[in-house]
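The structure appears below as structure tokens.
As the structure lists them, so they are numbered: ligands from 1, and atoms in each ligand from 1.
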Amino acid sequence: MKIPSLLLRFPRCYFSRRTYFVSFRFPSRADFLGVESLLPAHRCLTKWICSSNGLRRELCQQAAPEQQVEGLSDREQRLVDRLYHGLIQGHRACLAEAITLIESTQSRKKKVAQVLLQKVLSYHREQEKLNQGKPLAFRVGLSGPPGAGKSTFIECFGKMLTERKHKVAVLAVDPSSSTSGGSLLGDKTRMTELSRDMNAYIRPSPTSGTLGGVTRTTNEAILLCEGGGYDVVLVETVGVGQSEFAVADMVDMFILLLPPAGGDELQGIKRGIIEMVDLVAINKADGDLVVPARRIQAEYVSAMKLLRKRSKIWRPKVMRISAKTGEGILDMWDKMTEFRDLMLTSGELVAKRRKQQKVWMWNLIQENMLEHFRNHLAVKDKIPLLEEKVLRGVLSPGLAADLLLKAFKDGL
Ligand SMILES: Nc1nc2c(ncn2[C@@H]2O[C@H](COP(=O)(O)OP(=O)(O)OP(=O)(O)O)[C@@H](O)[C@H]2O)c(=O)[nH]1
């Protein structure tokens, strides 16, 4: 809808968003002289604007392009706007700053981060609508025991993708970094060439927080990367704690990278994780390792036949690759895109993402509730005593839990 030219001719007329009130202020005496002739137009315009939602929206956009969010100071609002615009224009520095903001544990910054995320989410929705429902990015999880060759693989795979005009983001989930104070995953020195590539963005794991906290920020970082135009987001993790399960719950495709070794060396691979996998890549299938790689591939192919089918359209594949020579990497990407396309056309991808959103929400609630419970004044002091009684066998775990829960409920 067009804004009446009359309204635009008078720069001092203003429109208040909250009251939908329109008023004219005449800039000079000369203009004032013309008031008589303008009054009917003024009244008519006021009435029209009040009844016109379309114009109201248009005026709001022209008068105040950024919607002021309640509770944010002007400075915070400006920060959100700067990061948002920088992010969607593809500035890496803004993406990095935005991820730092979502990783913050300060309550004020957390609030600002959520406002930014909301904005990025509505941008996502718009873009996906324009894309006929196609997701902005392909989310891929990569796990494997230490030494499997994850960083060599990411370097080789990432470069292959950027050469094909893709934009690649690499995020890491390493809960062990919280205790060790630093993460090797996502370390740029492990992927020297990719980290210099302008179409790649590498982010190490946050070095503080629980697995739940790290998972939350990684989930949010994925959204930010997608907003920044990265169409392949790779989330790397090692088999520590429950991190692979957490990563499998945030990606479209989950890949397990294995060295050509069996038995003891693969003890670290948790049984359950094989059930989450969409593709197993046996790495280092080069030189003398080709034969053992073939053997491991055959073992996994037969083991995976016994697994319960998770998808109607996809059976997990086992492939041999060499991250060092690049052999098999392109074939692997072909398989990955085949998976993505099948998932998309069958509707399984949308269903999977929806389910993941729900899992994510409940995980956050669980984590926050537990923290709230542990720190609640009514139970905080009782926990060590009851724990000790349970350890000594004086009190059953069930009774101890009941006592603590009762104290919590009474204290609410
Ligand atoms: N022969 C051969 N060696 C490889 C291949 N990929 C990786 N390597 C070697 O395997 C070793 C471990 O590789 P990384 O890429 O550091 O493995 P990672 O899984 O990232 O290991 P962590 O950093 O311990 O988690 C290095 O010495 C690599 O050179 C491959 O395809 N073939």
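Within ligand 1, the atoms closer than 4.0 Å to a non-hydrogen atom of P146 are 24 (O), 25 (O), numbered from 1 in the order shown. With ligand atoms numbered from 1 in the order given, ligand 1 contributes 5 (C), 6 (N), 31 (O) to contacts under 4.0 Å with heavy atoms of N283.
In summary, E76 and K109 do not engage in a salt bridge, as defined by a charged side-chain N under 4.0 Å from a carboxylate O. Using a 4.0 Å cut-off between charged side-chain N and carboxylate O, K312 and E348 make no salt bridge. Using a cutoff of 4.0 Å between basic side-chain nitrogens and carboxylate oxygens, E126 and K129 are not scored as salt-bridged.
Side-chain atoms of R203 do not come within 3.5 Å of backbone N or O of A172 as any donor-acceptor pair.
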Can L330 and R164 be said to form a side chain to side chain contact (heavy atoms under 4.5 Å, CB included), step by step?
CA-CA 11 Å; L330 206 55; R164 278 167 181 72; 3.4 Å; yes
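Ligand 1 has at least one atom lying under 4.0 Å from a heavy atom of G147.
In this structure, of G144, P145, G149, the residue bringing a heavy atom nearest to atom 17 (O) of ligand 1 is G149. Among I329, L289, T325, D286, the residue whose heavy atom lies nearest to atom 32 (N) of ligand 1 is D286. The option from K284, K150, M191 that lies nearest to atom 10 (O) of ligand 1, judged by heavy atoms, is K284.
Considering both main-chain and side-chain atoms, I321 never comes within under 3.5 Å of ligand 1 through any nitrogen or oxygen pair. When only interatomic distances are considered, the shortest N/O to N/O separation between K324 and ligand 1 falls below 3.5 Å. Between A285 and ligand 1, not a single N/O pair is under 3.5 Å apart.
Taking the six-membered ring where tryptophan is involved, the planes of H372 and F408 are perpendicular, since the angle between them exceeds 60° and thus also 30°.
For the pair K317 and W314, the cation-pi criterion (under 6.0 Å, within 45° of the ring axis) is fulfilled.
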